[in-house]
Amino acid sequence: MGIFSRIKNIIAKPEPPRAEKSMLTIGPGDVCEVSLVTYEVIGRLQNRQRNLIVLTLRDGSSIRYLTIEERERTVYALYEPIDGRLDSVEEVPTELELDDRTYHLEEQYSGFVAAVGKTPFVQGGEQYVWQYQSDDQKLLRVEWQDGRFMLYEGDSVLPADVRVLRGT
């Protein structure tokens, strides 16, 4: 090794340490744990206007969706897709009844989303969302994008029950 190479190595700045992944920065290929179940992240949908992320999670053959919304505190909810159908985006009701449980409209919003990996909607675009809650705290989420509805049923998740196991 020449003298110039040694001087260069001494003067060179060390490589900055990699930032650790958080639930807000993980994406396809990463692994996380939600309520003691380990999932591989296979897709990520992000709505920057609302500071909202929806992760598509796979555990074996089952698929779940983790919504992460950063408000005054970070709010998590874990959903699974359900069968259902709505006729028109203009006629989404304020109350929905499924399996003897009544859901009440809690929030409705729309925004541009960006999709990476395997998500229910192949590409980003304008998305409309209706979020419902029942009297027994069950959650229902309805999404509409590109003429297609998706329905999900789920529960809130405590922040302590969510963590990154491995980030790529």
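These numbers come from a predicted model, not from an experiment.
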Practice item. Walk me through it: do Glu143 and Tyr152 pass the test side-chain hydrogen bond (donor to acceptor under 3.5 Å, both in side chains)? Key: CA-CA 9 Å; Glu143 297 176 346; Tyr152 312 91; 3.0 Å; yes
Review point. Under a 4.5 Å cut-off applied to non-hydrogen side-chain atoms, are Met23 and Tyr76 in contact?
Key: yes
**Study point:** Co-membership, hydrophobic cluster, residues Val113 and Ile42, 4.5 Å side-chain
**Key:** yes
Check your understanding: Ion pair present between Arg141 and Glu107, side-chain N to carboxylate O less than 4.0 angstrom?
Key -> no
**Study point:** From CG (Leu98) to NZ (Lys138), nearest 0.5 Å
**Key:** 11.5 Å
Practice item. Kindly check if the number of other-residue, nucleotide or ligand heavy atoms within 6.0 Å of CZ (Arg48) is above 12? Key: no
Review point. In the single-linkage hydrophobic clustering (I, L, V, M, F, W, Y; side-chain heavy atoms under 4.5 Å), do Ile68 and Tyr79 co-cluster?
Key: no
Review point. Is there a side-chain contact between Val116 and Pro28, using heavy atoms and a 4.5 Å cut-off?
Key: yes
Review point. Given side chains that start at C-beta, do those of Val157 and Ser35 come closer than 4.5 Å, heavy atoms only?
Key: yes
Review point. Can you tell me if Gln145 uses its side chain to pair, donor with acceptor, with the backbone of Gln123 under 3.5 Å?
Key: yes
**Study point:** Aromatic plane relationship, Tyr128 with Trp144 - under 30° parallel, 30 to 60° tilted, over 60° perpendicular
**Key:** tilted
Check your understanding: How many angstroms lie between atom CD1 of Ile53 and atom CG of Leu66, to the nearest 0.5 angstrom?
Key -> 9.5 Å
Check your understanding: If you draw a 6.0 Å radius around CG in Asp136, do more than 12 non-hydrogen atoms from other residues or ligands fall strictly inside?
Key -> yes
Point to revise | Lys/Arg-Asp/Glu bridge criterion (N-O < 4.0 Å) met for Arg50, Glu69 | key: yes
Practice item. List the steps, then state whether side chain to side chain contact (heavy atoms under 4.5 Å, CB included) holds for Leu55 with Tyr65. Key: CA-CA 6 Å; Leu55 299 174; Tyr65 301 93; over 6 Å; no
Study note, to complete from the structure: Paired with Val54, the side-chain contact (heavy atoms from CB on, under 4.5 Å) test is passed by just one of Thr119, Thr67, Asn47, namely Thr67
Check your understanding: Given Val31 and Val41, is the side chain to side chain contact (heavy atoms under 4.5 Å, CB included) satisfied, shown in steps?
Key -> CA-CA 6 Å; Val31 177; Val41 179; over 6 Å; no
Review point. When rounded to the nearest 0.5 angstrom, what is the spacing between OG in Ser110 and CH2 in Trp130?
Key: 8.5 Å
Point to revise | Closest contact, heavy atoms only, Tyr132 versus Glu95 | key: CE2-N, 4.4 Å
Check your understanding: What do the steps show when you test Gln127 against Leu45 for side chain to side chain contact (heavy atoms under 4.5 Å, CB included), and what is the final call?
Key -> CA-CA 11 Å; Gln127 184 181 66; Leu45 192 81; 3.7 Å; yes
Exercise for review: Spell out, yes or no, whether Ile82 and Met150 are grouped together once hydrophobic residues are joined by side-chain heavy atoms under 4.5 Å, including indirect joins.
Suggested key: no
Review point. Is it the case that one hydrophobic cluster holds both Val164 and Leu57, taking links as side-chain heavy atoms less than 4.5 Å apart, direct or via other members?
Key: yes
